Amino acid sequence: MEKNQDPAVKNEPVSFIEQFIIDDIKEGKNNGRIHTRFPPEPNGYLHIGHAKAICLDFGMAKKYGGKCNLRFDDTNPVKEEVEYIDSIKEDIHWLGFDWEDREYYASDYFGKLFEFAVDLIKRGLAYVDDQPADVISAQKGTPSQPGTVSPFRNRPVAGNLDLFYRMNEGEFGEGSRVLRAKIDMASPNMQMRDPIIYRIIKSFHHRTGDAWKVYPMYDFAHGQSDYFEGITHSLCTLEFEVHRPLYDWLVDQLRTSDYRPRQIEFNRLNLTYTMMSKRKLLELVQEGKVSGWDDPRMPTLCGLRRRGYTPESIRKFVDLIGYTKVEAINDISLLEHAVREDLNIKAPRVFGVLAPLKVIITNYPADKVEEMEILNNPEDESMGKRKVPFSNELFIERDDFMENPPHKYFRLAPGAEVRLKGAYIIKCESFKKDEKTGQIEEVYCTYDSSTRSGEGSEKKVKGTLHWVSARHAVEAEVRLYDRLFDHEDPSGQKDDDYRKFLNPDSLKVLPGCKLEPSLAPAKPLEKFQFQRLGYFCVDYDSTPDHLVFNRTVSLKDTWAKIKK
RNA sequence: UGACCCAUGGUGUAAUUGGCAACACGUCGGAUUUUGGUUCCGCAGAGUCCUGGUUCGAGCCCAGGUGGGUCAGCCA
């Protein structure tokens with residue numbers, strides 16, 4: 001192996017998993033071949049936790065010249081649906097990974113798996129148990145007490161064989177019999193106490209239809225599927241750690257050479273203020289707590305995509321948090337940092353006023369319109385300029401005017417001057433207020449014609465505001481999102497249901513927002529920085545007649561901190 | 001009265017494999033800025049869960065504790 005391919009030589013820290021891979025290559029295991037797999041069960045949408053696994057599985061393969069298969073773990077026909085398969089593939093591609101032609105299904109191996117089970121029976125390593133679930137469960141013992149042996153454990157091979165075939169022919173009802181591996185009922189590891197490897201299920205399978213009446217359990221499918229596909233590194237999450245001896249035991253019964261897949265476990269992704277349980281996310285959808293799997297508040301990949309997250313930002317985040325064996329809870333603010341960093345480079349800046357307040361420039365001709373040329377992105381001048389119309393009636397943000405401003409308020413106030421970004425410096429001369437409600441209705445200003453942007457005016461003011469010409473503005477609905485839960489760990493509270501922590505203010509819909517006219521043709525998923533406010537993305541609900549934007553994330557707001 | 005896994009600033013990770021505990025985010029200052037954004041500079045913040053041991057030297061090795069997690073689905 002060439003030294004310069006070894007990241008350790010370059011002193012880049014690598015995860016313990018990557019170190020295993022490097023060591024395995026050095027030792028020439030499996031002829032130095034690297035082959036991983038991403039094995040989702042098609043029973044729900046992918047979430048950001050899956051992104052962590054995807055980045056590892058595909059990432060390691062790519063980095064070390066190997067391959068990564070996509071394999072649907074479809075061993076349980078009662079839980080799985082075709083609906084999910086397409087979304088899973090779409091999400092993986094969106095994230096930036098590709099399995100080429102290697103799209104597999106555990107159900108592809110039902111035949112081989114059945115043969116293997118038959119083989120185990122013949123070797124006296126598996127038996128049919130006629131007892132009901134509760135009896136088998138009771139005989140398993142407890143973690144601190146050994147199990148007891150099933151009365152069917154020593155049934156002769158011929159009887160087991162006959163029954164197993166008849167189980168698959170549909171002769172027996174669901175739950176009436178199972179096939180068990182004969183390992184060790186006294187093992188300190190519960191997984192090894194004669195685990196069930198086949199059960200009778202009479203549901204329609206999305207790929208194999210009615211062909212099978214018995215289906216392999218996860219433990220009897222996963223390692224073998226890895227083996228059939230030539231997987232070298234089977235990376236999964238920590239809860240499968242205690243399954244590893246069983247994984248190895250089964251592979252040992254199967255293998256005929258030095259090749260063997262190796263299971264390595266890493267920590268799951270946990271994020272503050274949300275949860276990853278597929279079951280609970282499904283409940284949120286079914287109970288209408290969110291609008292769907294792709295609700296922009298969901299931690300699903302389709303939700304994050306709709307929210308305006310980029311694949312690059314998610315990959316960056318995953319890279320930042322690393323892979324260890326510690327059960328960590330990652331701060332959502334790190335994810336937000338990752339999108340801001342990415343969007344700062346990519347998103348064109350525009351003006352959008354969310355809570356409009358009318359400003360009238362009293363010394364600007366009512367019939368005059370100037371096209372102000374404004375840089376699309378100061379971070380990247382190659383993104384060019386755009387023209388924004390300026391006139392005597394404008395909208396500014398309500399927050400940008402105060403009748404009685406506090407100390408250090410740099411925005412508009414009676415007698416104060418501010419710059420309108422890309423246009424002129426204006427001075428507030430007076431304002432109109434509804435005496436009943438106290439609401440400011442209009443602000444009257446004068447502009448200084450010598451301060452037009454780009455014309456070299458020396459005049460400096462502290463504050464710069466975004467604005468939109470009233471006459472030219474396009475209307476939009478803007479949806480502001482906050483965390484879905486107001487508890488850091490909503491699903492980790494023993495005494496409280498996670499629903500109790502649903503944040504009632506997680507969605508705020510603002511109708512009647514005023515945007516600069518260049519935004520009129522914006523299409524779903526297009527991303528912008530609304531200057532001074534945050535990053536926004538066009539929603540799928542948006543039409544030319546009714547623009548809808550989602551706020552991905554706000555800009556950092558030091559003024560908000562000063563106010564506190 | 002089991003087996004297995006884990007423990008480093010607020011959070012997430014690192015520590016050239018036994019040699020001055022570092023990085024990112026966050027926080028707090030300051031500079032720059034026609035975004036209170038960005039960028040840049042800087043401060044503070046852990047002595048590595050505890051007790052022993054080995055060693056010239058331990059975050060790292062050993063022993064024993066403590067705390068947390070996983071496992072008793074015919075789910076994955």
Side-chain angles (χ1 to χ4, degrees), chain A residues 8-9 11 13-15 19 39-41 43 73 75-76 78-80 129 132-133 136-147 174-180 187-193 196-201 214-215 217-219 221-222 236-245 265 267 272 278-279 320-331 333-338 340-341 344-345 349 351 374-375 378-379 408-411 418-423 425 451 453-454 457 460-466 529-534 554-563:
Chain A
V9 172
N11 260 337
V14 298
S15 70
Q19 191 58 55
E41 184 187 12
N43 69 343
D73 225 330
T75 55
N76 186 350
V78 313
K79 287 175 63 187
E80 293 142 9
D129 197 326
I136 291 178
S137 174
Q139 285 170 349
K140 268 213 167 143
T142 68
S144 54
Q145 292 169 305
E174 290 188 5
S176 63
R177 282 182 171 80
V178 290
L179 185 70
R180 297 229 252 166
S187 170
N189 181 341
M190 298 292 289
Q191 309 302 320
M192 300 299 269
R193 318 243 264 230
I196 291 167
I197 58 179
Y198 261 98
R199 72 300 208 186
I200 299 170
I201 298 177
V214 292
Y215 289 88
M217 296 284 288
Y218 164 84
D219 284 304
H222 203 98
C236 63
T237 45
L238 249 23
E239 66 270 26
F240 291 104
E241 213 154 20
V242 288
H243 292 243
R244 198 189 330 139
E265 311 85 12
N267 60 347
T272 53
K278 267 195 215 175
R279 196 198 87 227
L320 249 19
I321 62 177
Y323 299 88
T324 69
K325 301 186 77 161
V326 184
E327 298 198 39
I329 300 183
N330 295 275
D331 200 320
S333 64
L334 189 60
L335 212 211
E336 293 174 342
H337 167 258
R340 285 197 190 101
E341 189 177 61
N344 180 44
I345 313 278
R349 301 298 98 156
F351 293 158
I374 302 179
L375 220 44
E379 303 297 314
K408 282 199 163 178
Y409 185 80
F410 302 146
R411 286 114 97 144
V418 296
R419 172 168 289 282
L420 294 176
K421 172 103 184 157
I425 290 176
T451 59
S453 282
S457 167
K460 296 283 182 213
V461 288
K462 271 284 204 181
T464 301
L465 308 186
H466 61 282
Q529 185 196 97
F530 285 12
Q531 205 128 86
R532 301 210 302 138
L533 297 177
S554 65
L555 251 30
K556 277 201 219 161
D557 190 351
T558 41
W559 170 240
K561 284 179 197 161
I562 294 168
K563 277 195 293 188

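These values consider heavy atoms only, across backbone and side chains, with no hydrogens, waters or symmetry-generated copies. Computed from a prediction, not measured in an experiment: that's the story for all the values here. In what follows, every chain begins at residue 1, and chains take the letters A, B, ... in the order their sequences are listed.
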- Task: Treat primed atoms plus P, OP1 and OP2 as sugar-phosphate and everything else as base, then score nucleotides 66-76 of chain B 5' to 3': B for base contact with protein heavy atoms under 4.0 Å, S for sugar-phosphate contact only, - for none.
- Result: ---SBSBSBBB

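Using a 30° and 60° split on the angle between ring planes, A:Y218 and A:H222 fall in the tilted class, from 30° to 60°.
The shortest distance between side-chain heavy atoms of A:R349 and A:P378 falls below 4.5 Å. A 4.5 Å side-chain heavy-atom check between A:L465 and A:R411 finds at least one atom pair inside the cut-off.
Distances shown here put a side-chain N or O of A:T558 below 4.0 Å from the OP1 or OP2 atom of B:G37. For A:T324, a side-chain nitrogen or oxygen approaches OP1 or OP2 of B:U13 to under 4.0 Å. Between A:K561 and B:U27 there is a side-chain N or O to OP1 or OP2 distance below 4.0 Å.
Its glycosidic angle being more than 90° from 0, B:G45 falls on the anti side. In this structure, B:G65 shows a glycosidic angle more than 90 degrees from zero, which is the anti conformation.
Counting only N and O atoms by type, the side chains of A:T464 and A:R532 include no donor and acceptor under 3.5 Å apart. Counted by atom type alone, A:S333 and A:D331 present one or more donor-acceptor pairs between their side chains at under 3.5 Å.
Spacing between atom CD1 of A:I562 and atom P of B:C28 amounts to 10 Å, rounded to whole angstrom units. Straight-line distance from the CG atom of A:L420 to the P atom of B:U35: 13 Å, rounded to whole Å.
At a threshold of 4.0 Å, the pair A:K325-A:E241 counts as salt-bridged, since one of the basic side-chain nitrogens sits closer than that to a carboxylate oxygen.
Across all strands, A:F530 comes closer than 4.0 Å to no nucleic acid atom at all (heavy-atom distances). A:K325 comes within 4.0 angstrom of sugar-phosphate atoms only, judged by non-hydrogen atoms across all strands, and of no base. Here A:P146 lies out of heavy-atom contact (under 4.0 Å) with every strand.
In the displayed structure, A:K408 atom NZ is contacted under 6.0 Å by at most 12 heavy atoms of other residues, nucleotides or ligands.
Closest of all the heavy-atom pairs between A:R193 and A:R180 is O-NH1, 3.7 Å.
At a cut-off of 3.5 angstrom, the base of B:G36 holds at least one donor-acceptor pair with the side chain of A:R411. One N or O donor and one acceptor, one from the side chain of A:R419 and one from the base of B:U34, sit under 3.5 Å apart.
Rounded to whole Å, the separation between the P atoms of B:C60 and B:A21 comes to 14 Å.
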I'd like a table of atom pairs between the protein and nucleotides 39-43 of chain B - only N or O on both sides, under 3.5 Å - with the distance next to each one.
none

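The CD atom of A:E41 lies 6.5 Å from the OG1 atom of A:T75; values are rounded to the nearest 0.5 Å.
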- For RNA chain B, what string of dots and brackets results from 5' to 3' when Watson-Crick and G-U pairs need both distances under 3.5 Å, crossing pairs get [ ], and pairs with another strand get |? .((((((..((((.....[..))))..((((.......))))......(((((..]....))))))))))).....

